[in-house]
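Here the structure comes first, spelled out in structure tokens, and everything after it is commentary.
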Amino acid sequence: MFLMKDITRDGNPVLRKRAAKVEFPLSAEDRELARQLMEYLEISQDEELCKKYGLRAGVGLAAPQVGVSKQMASVLVPAEEEGGKPVFKDVIINPVIVSESVQYGALTEGEGCLSVDEDVPGYVPRHDRITLKYTDVDGNDHTVRLKHYPAIVCQHEIDHLKGILFYDHINKDAPFEAPEGTVMFS
Ligand SMILES: OCN(O)CCCc1ccccc1
Ligand code: NI
């Protein structure tokens with residue numbers, strides 16, 4: 001399983017590269033990578049296991065963050081209510097945002113990243129709604145329409161595959177200003 005020591009940190013050039021497309025059918029190595037990327041999220045979202053393994057909880061983890069420059073990321077947006085079905089759970093491979101709202105969305109508390117140890121305050125304006133195409137580990141293609149939080153998380157992960165980090169989007173002169181009409185939510 002991945003531990004914090006396995007997470008690449010800002011400054012490591014792998015985080016600024018464009019990741020390579022993944023070939024199908026998945027190699028055994030890529031299948032194991034996908035499994036471990038999701039396993040990290042599941043463990044990190046279990047309070048007891050998170051503490052036991054000294055993890056930082058996360059709702060997404062992209063392959064470059066474990067040093068693998070491939071277009072693969074796990075996303076696990078938990079259910080709003082305890083014990084419910086996750087809002088979004090999958091390992092997205094070769095993801096493409098095929099359409100996006102003009103309207104921005106941003107988290108009122110800003111964003112963080114497992115690969116960025118210090119807090120970087122400020123709004124991270126993203127598209128509030130996206131249509132995402134990706135392939136899953138079994139080679140099935142998906143087209144999903146996402147809005148608000150799951151859309152934000154998927155954009156954060158897809159950024160990692162393009163060598164972009166969340167703070168690249170923060171307005172340096174006015175970090176807590178967001179474009180006109182931005183949907184703000186927590
Ligand atoms: O790349 C995943 N990762 O660094 C964990 C944090 C994910 C994340 C945090 C805030 C808003 C969107 C996504
Ligand atoms: Ni991140």
Side-chain angles (χ1 to χ4, degrees), residues 1-19 33-34 36-47 49-50 53-80 86-95 97 100-101 104-130 132 134 144 146-171 175-176 178 182-186:
M1 64 178 279
F2 291 134
L3 298 171
M4 289 313 292
K5 67 174 176 53
D6 302 307
I7 306 275
T8 51
R9 303 302 156 87
D10 196 359
N12 184 322
V14 74
L15 290 170
R16 290 301 188 178
K17 284 173 65 180
R18 290 192 69 84
L33 172 63
Q36 288 195 306
L37 287 173
M38 183 56 76
E39 180 189 58
Y40 179 94
L41 301 184
E42 290 167 331
I43 289 177
S44 80
Q45 290 182 20
D46 175 302
E47 203 175 329
L49 293 177
C50 185
Y53 293 107
L55 305 183
R56 272 182 66 189
V59 290
L61 185 61
Q65 294 184 276
V66 290
V68 178
S69 193
K70 290 187 176 181
Q71 294 182 28
M72 184 189 291
S74 56
V75 178
L76 176 48
V77 178
E80 275 105 24
V87 169
F88 185 80
K89 178 177 183 177
D90 214 347
V91 177
I92 60 176
I93 302 171
N94 302 331
I97 294 173
E100 56 202 17
S101 62
Y104 291 97
L107 291 171
T108 45
E109 68 271 21
E111 293 186 15
C113 183
L114 295 172
S115 297
V116 179
D117 290 329
E118 66 282 341
D119 285 345
V120 184
Y123 295 147
V124 180
R126 296 185 185 279
H127 300 286
D128 187 48
R129 297 173 298 286
I130 60 171
L132 167 64
Y134 70 90
V144 290
L146 300 170
K147 68 175 180 187
H148 304 336
Y149 192 43
I152 296 283
V153 176
C154 284
Q155 289 173 82
H156 178 116
E157 302 317 323
I158 292 166
D159 268 358
H160 275 302
L161 309 182
K162 295 189 283 187
I164 298 168
L165 294 175
F166 74 93
Y167 59 73
D168 298 344
H169 298 288
I170 296 175
N171 179 332
F176 287 98
T182 300
V183 178
M184 303 296 300
F185 55 92
S186 62

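Along the sequence shown, residues are numbered consecutively beginning with 1. As the structure lists them, so they are numbered: ligands from 1, and atoms in each ligand from 1. Heavy-atom basis, side chains included; hydrogens, waters and symmetry copies ignored.
Summary of contacts: the protein heavy atom closest to atom 9 (C) of ligand 1 is Gly112 O, 3.6 Å. Regarding atom 5 (C) of ligand 1, its nearest protein heavy-atom neighbour is Gly60 O, 3.5 Å. With respect to atom 4 (O) of ligand 1, the closest heavy atom belonging to the protein is Leu114 N, 2.8 Å.
A donor-acceptor contact closer than 3.5 angstrom links the side chains of Asp90 and Tyr134.
Counting heavy-atom neighbours within 6.0 Å of Phe2 CZ, excluding the residue itself, gives a total above 12.
Here side-chain hydrogen bond (donor to acceptor under 3.5 Å, both in side chains) pairs that include residues 107-116, with residues two or more places apart or in two chains, are Gln65-Ser115, Glu111-Arg126, Glu111-His156.
The shortest non-hydrogen separation linking Ile164 to His169 is CG2-NE2, 3.7 Å. Taking both residues in full, the closest heavy atoms of Ile130 and Cys154 are given as CD1-CB, 4.2 Å, listed atom of the first, atom of the second, then distance. Closest of all the heavy-atom pairs between Ser44 and Gly58 is OG-N, 3.1 Å. Pro150 approaches Leu146 most closely through the heavy-atom pair O-CD1, 4.1 Å.
Looking at ligand 1, you won't find any N or O of Glu111 less than 3.5 Å from one of its N or O atoms. For a threshold of 3.5 Å applied to N or O pairs, the pair formed by Ser115 and ligand 1 contains no separation below that value. Polar contact check, Val153 against ligand 1: no nitrogen or oxygen pair lies under 3.5 Å apart. The distance criterion of under 3.5 Å between nitrogen or oxygen atoms is not met by Tyr149 with respect to ligand 1.
Closest heavy-atom approach to atom 8 (C) of ligand 1 among the candidates His160, His156, Gln155: His156.
Listed by number with element, the atoms of ligand 1 under 4.0 angstrom from any heavy atom of Cys113 are 4 (O). Those atoms of ligand 1 that come under 4.0 Å of a heavy atom in Glu157, given as number and element, are 1 (O), 2 (C), 7 (C).
Side-chain contact between Gln45 and Tyr40 is absent, with no heavy-atom pair separated by less than 4.5 Å.
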Pair up each side-chain donor or acceptor in residues 116-125 with any protein partner under 3.5 Å, not counting sequence neighbours, and list the distances.
unit_1, atom_1, unit_2, atom_2, d
Asp117, OD1, Arg9, NH1, 3.0
Asp117, OD2, Arg9, NH1, 3.3

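By the side chain to side chain contact (heavy atoms under 4.5 Å, CB included) test, Ser101 is found to be paired with Gln103, His127, Asp128, Arg129, residues two or more places apart in sequence or in another chain being considered.
For the side chain to side chain contact (heavy atoms under 4.5 Å, CB included) test with Ser74, the passing option among Met38, Gln36, Lys89, Glu42 is Met38; the others fail.
Contacts with ligand 1 closer than 4.0 Å are made by side-chain heavy atoms of Leu107 only, the backbone lying farther away.
Taking a cut-off of 2.8 Å, the protein N, O or S atoms nearer than that to the Ni ion (ligand 2) are Cys113 SG, His156 NE2, His160 NE2.
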